[in-house]
Amino acid sequence: MDDFSWLGLPVEEAARRLLGCELERTLGPETLRVRIVETEAYSQDDPASHTFSGRTARNEAMFLGPGHAYVYLSYGIHSCLNIVVGREGVGEGVLIRAAEPLEGRDTMALLRGRGGVALTNGPGKLGQALAIDLGLSGHDVALAPLRLLRRPPLGEERVVVTTRIGITKAAELPRRFYDRDSGYVSVRARPVAR
DNA sequence: TGGACGATTGACT
DNA sequence: GTCAATCGTCCAA
């Protein structure tokens, strides 16, 4: 059993540490496994967060405490996965924006209807490749059929920090993190000014 | 109870 | 580069 106490860290730190960790999705006899390469931090005091206006039926899972999954439907089409972090009762989470396939690539390609980096290089794509749906919202990621596997943190020099993608509110905040060495990052650009 | 709105993607010009 | 798809959620009425 993995120790997930580190998910109780402040959301930006948790978002950094999720880089390099793995997700294992079991579908009957099939096992799909990916390595997380891109994340975004969302906290309750953040106008861009689904929890900004408080607890609702949709975002309930975001308040269940660290180690739960929060899944939302984007544009009525795409299921996107978050890992809830921070303190129980506070709506904080990390959007998993992209990952690298490690195991079960063929099944992911079938689920996606295409291959290459387009398999998992975006939040909606990853959701489809791992057969994520709204039913998994609130799921405990210590358990099958969707498990988070801890891995050592990436070296500081490998982590690129940028503004978040596709939001209109609080768009200037540097709360996106990705692995510089991965080819599965969704958008390369917008490095934070130095 | 209805209408506007996305933490996106893929097809097309 | 532009743009439509598609539906759960939220809030105004």
Side-chain angles (χ1 to χ4, degrees), chain A residues 7 10-16 18-19 21 23 34 36-64 66 68-86 90-101 108-139 141 146 148 160-179 182-192:
Chain A
L7 288 176
V11 63
E12 294 184 31
E13 184 58 29
R16 281 178 180 268
L18 278 163
L19 292 178
C21 291
L23 287 167
V34 300
I36 297 168
V37 300
E38 180 178 344
T39 61
E40 283 181 358
Y42 289 88
S43 58
Q44 195 166 356
D45 59 0
D46 170 7
S49 172
H50 289 169
T51 58
F52 182 64
S53 299
R55 199 163 176 154
T56 69
R58 172 175 69 154
N59 65 30
E60 172 69 21
M62 284 275 272
F63 294 84
L64 298 180
H68 291 269
Y70 165 56
V71 180
Y72 71 94
L73 191 63
S74 179
Y75 290 88
I77 305 169
H78 310 288
S79 295
C80 301
L81 173 67
N82 294 254
I83 304 297
V84 179
V85 305
V90 179
E92 297 184 315
V94 175
L95 172 65
I96 310 302
R97 281 195 55 92
E100 293 177 354
M108 291 186 222
L110 284 174
L111 287 164
R112 285 279 296 127
R114 65 201 64 215
V117 297
L119 224 43
T120 52
N121 69 340
K125 301 175 191 179
L126 179 63
Q128 190 178 18
L130 296 183
I132 303 291
D133 60 62
L134 293 181
L136 281 170
S137 204
H139 170 73
V141 298
L146 179 65
L148 176 66
V160 180
V161 184
T162 78
T163 54
R164 294 173 292 184
I165 305 296
I167 57 173
T168 53
K169 297 168 234 172
E172 74 289 355
L173 297 179
R175 292 191 174 169
R176 171 171 173 254
F177 306 88
Y178 69 80
D179 179 355
S182 175
Y184 285 82
V185 171
S186 67
V187 180
R188 287 184 178 274
R190 309 193 220 194
V192 167

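In what follows, every chain begins at residue 1, and chains take the letters A, B, ... in the order their sequences are listed.
- If you take OH of A:Y75 and P of C:dT6, they are 16 Å apart, rounded to a whole angstrom.
- Rounded to a whole Å, the CD1 atom of A:I77 is 15 Å from the C1' atom of C:dT9.
- Figure legend: cation-pi geometry between A:R188 and A:Y178 absent, as NZ or CZ is not positioned both under 6.0 Å from the six-membered ring centre and within 45° of its axis.
- Distances from the side chain of A:T56 to the nucleotides B:dA7, C:dC7, C:dT9 place C:dT9 closest.
- One atom, CE of A:M62, and another, C1' of C:dT9, lie 15 Å apart when rounded to the nearest Å.
- Nucleic acid contact class of A:G124 (heavy atoms, under 4.0 Å, all strands): sugar-phosphate only.
- Atom CG of A:L73 and atom P of B:dA4 are 20 Å apart (whole Å).
- Applying the 5.5 angstrom centroid cut-off and the 30 degree plane-angle cut-off, the aromatic ring of A:Y42 is stacked upon the base of B:dA7.
- For A:R58 and B:dC5, the shortest distance from a side-chain N or O to OP1 or OP2 is not below 4.0 Å.
- For A:H78, the listed nucleotide lying nearest its side chain is B:dT9; candidates were C:dC7, B:dT9, C:dT9.
- Across all strands, A:I167 comes closer than 4.0 Å only to sugar-phosphate atoms, never to a base (heavy-atom distances).
- One finds a side-chain N or O of A:R114 lying less than 4.0 angstrom from the OP1 or OP2 phosphate oxygen of B:dA11.
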Begin from the C-alpha positions of A:T51 and A:F63 and carry the test side chain to side chain contact (heavy atoms under 4.5 Å, CB included) through to its verdict.
CA-CA 9 Å; A:T51 58; A:F63 294 84; 3.8 Å; yes

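- Under the Watson-Crick or G-U wobble criterion, with both distances below 3.5 Å, B:dA7 has no partner in any strand shown.
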Any chance you could lay out the side chain to side chain contact (heavy atoms under 4.5 Å, CB included) test for A:I36 and A:L148, step after step, and finish with the verdict?
CA-CA 10 Å; A:I36 297 168; A:L148 176 66; 4.1 Å; yes

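- Taking 4.0 angstrom as the limit, A:K125 places a side-chain polar atom (N or O) nearer than this to OP1 or OP2 of B:dG10.
- Using a 4.0 Å heavy-atom cutoff across all strands shown, A:R175 reaches no nucleic acid atom at all.
- Two residues are said to be in side-chain contact when any heavy atoms from C-beta on lie closer than 4.5 Å; A:L23 and A:L81 meet this criterion.
- When side chains are defined from C-beta on, A:R176 counts as touching A:E40, because their heavy atoms get closer than 4.5 Å.
- Summarising the geometry, the separation between CG on A:L119 and C1' on B:dT8 is reported as 17 Å, rounded to the nearest angstrom.
- In this structure, A:R112 atom CZ and B:dT8 atom C1' are separated by 11 Å, rounded to whole Å.
- Side-chain nitrogen and oxygen atoms of A:R176 include none within less than 4.0 Å of the OP1 or OP2 phosphate oxygen of B:dA7.
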